[in-house]
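Contents: one structure, followed by commentary.
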Amino acid sequence: MKTASRKPIGSHRRIVIKIGSALLVDRKSGLKSAWLEAMSADIAGLKQRGIEVLVVSSGAIALGRSVLKLPSGALKLEESQAAAAVGQIALARAWSESLSRHDIVAGQILLTLGDTEERRRYLNARETLNQLMKMGAVPIINENDTVATTEIRYGDNDRLAARVATMAGADLLVLLSDIDGLYTAPPHQDPNAQFLEVIPAITPEIEAMAGGAASELSRGGMRTKIDAGKIATSAGCAMIIASGKPDHPLRDIENGTARSSWFAPSGTPVTARKTWIAGQLAPAGELLVDAGAEQALLGGKSLLPAGVKAVKGEFFRGDTVSIMGAHGREIARGLCGYDADEARLIAGRKTGDIEALLGYAGRSAMIHRDDMVMTATKARETIGA
Ligand code: GLU
């Protein structure tokens with residue numbers, strides 16, 4: 001069933017690559033340097049083609065275990081937190097050194113669950129990611145395992161990577177692990193299991209195929225990969241599950257020499273995100289804008305403080321607010337880049353005045369275009385949702 005068409009890796013704009021622990025860390029010998037070197041070369045190749053790359057790298061706990069020479073078997077929470085502390089610093093260094101051989105700068109980001117689930121922190125984290133990418137750096141991301149407790153954690157990097165992909169507006173998420181893709185049944189249990197190359201939609205039947213298997217070094221099995229697929233594809237991001245075992249897995253997928261499972265995106269990242277914003281139930285405030293700003297918004301621009309005539313309500317940065325046009329009707333909605341008090345201070349003022357008024361540099365936009373949906377023309381903006 002080939003209902004959706006699969007694009008080559010190289011024709012994507014922004015790719016999140018999730019790397020499973022077992023690919024990077026060998027239980028006995030520690031870091032698999034040769035594999036890492038090959039992956040860095042492939043990342044450099046993608047970047048040369050103008051593709052932005054973010055890496056979600058597992059391996060902190062596994063590497064820490066190996067450095068600390070901990071015996072095999074399950075770790076207590078505090079032991080895995082300590083192992084992660086030791087492993088993460090080594091992992092980050094390895095990435096940084098390896099990418100630097102291609103003149104690529106790496107930046108480490110350690111996330112806790114709230115960083116993607118709470119909107120304000122989500123915006124903050126996204127801003128950092130965007131800034132790093134603007135600077136041409138490659139974010140190396142992991143869960144902040146040293147402080148994550150059992151209740152407040154992603155727990156697996158598959159879902160973390162999917163949240164990162166949607167946060168970064170990526171159009172492709174590649175999950176590399178020791179699992180090469182989705183089968184109609186767990187292949188080690190069922191000799192008739194068929195490999196699926198294209199998954200047009202994650203239906204209940206597809207979910208049932210996932211089973212529950214996880215490899216020893218990582219937490220994620222097929223279950224968490226399908227969960228990741230649901231998060232990514234519903235936000236317009238395609239997903240590939242492939243084996244990362246060969247030295248150049250990305251190249252092999254691209255050449256068609258390695259098989260992989262491709263999950264079709266349900267829309268485009270922009271429309272899906274805007275659908276999410278438009279779907280907010282109760283905007284926390286209102287920004288009244290002048291006719292000039294209204295025109296600018298209709299023309300696809302961000303909302304600048306200069307165009308805001310009045311601010312109503314109490315809200316915090318990252319909350320959804322309504323943008324009211326000249327006739328007192330809602331023309332758009334968006335996530336405000338400022339708290340209500342700050343918005344009042346800078347309303348009607350030029351971008352150049354913001355720093356003096358607030359005492360810090362601030363952002364040029366009151367609501368960035370990426371965080372806004374035109375509600376008056378909602379039908380056009382939310383297609384493909
Ligand atoms: N965050 C964990 C680590 O770096 C890995 C989680 C996973 O394997 O999914 O060790």
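Here, residue 1 is the first one in the sequence, and each next residue gets the next number. Order of appearance sets the numbers: ligands from 1, and atoms from 1 within every ligand.
- Under 4.0 angstrom from ligand 1, the non-hydrogen atoms of Asn157 come from both its backbone and its side chain.
- In terms of N/O distances under 3.5 Å, ligand 1 is not approached by Asp158.
- At least one N or O atom of Asp145, backbone or side chain, sits closer than 3.5 Å to an N or O atom of ligand 1.
- Side-chain contact annotation: Gln81 with Thr146, donor-acceptor N/O pair under 3.5 Å absent.
- Near Ile61, with a cut-off below 4.0 Å to any heavy atom, the atoms of ligand 1 are 3 (C), 10 (O).
- Considering backbone and side-chain atoms alike, Gly155 places every N or O at 3.5 Å or more from each N or O of ligand 1.
- With rounding to the nearest 0.5 angstrom, the CG atom of Leu160 is 11.0 Å from the OG1 atom of Thr224.
- Judged purely by distance below 3.5 Å, without hydrogens or angles, the side chains of Ser58 and Asn157 pair a donor atom with an acceptor atom.
- Checked options Asp371, Asp115, Asp370; the residue passing with Arg126 is Asp371 (criterion: side-chain hydrogen bond (donor to acceptor under 3.5 Å, both in side chains)).
- Ligand 1 places these atoms under 4.0 Å from at least one heavy atom of Ser21: 8 (O).
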- Task: Evaluate the side chain to side chain contact (heavy atoms under 4.5 Å, CB included) criterion for residues Tyr154 and Glu143: first the C-alpha distance (whole Å), next the side-chain angles of each, then the deciding distance (0.1 Å), finally the verdict.
- Result: CA-CA 7 Å; Tyr154 301 94; Glu143 178 158 17; 3.5 Å; yes
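- Residues satisfying the side chain to side chain donor-acceptor pair (under 3.5 Å) test with Ser40, not counting sequence neighbours, are Ser98.
- Here's the thing with Ala62: none of its N/O atoms is less than 3.5 angstrom from an N/O atom of ligand 1.
- With ligand atoms numbered from 1 in the order given, ligand 1 contributes 9 (O) to contacts under 4.0 Å with heavy atoms of Asp156.
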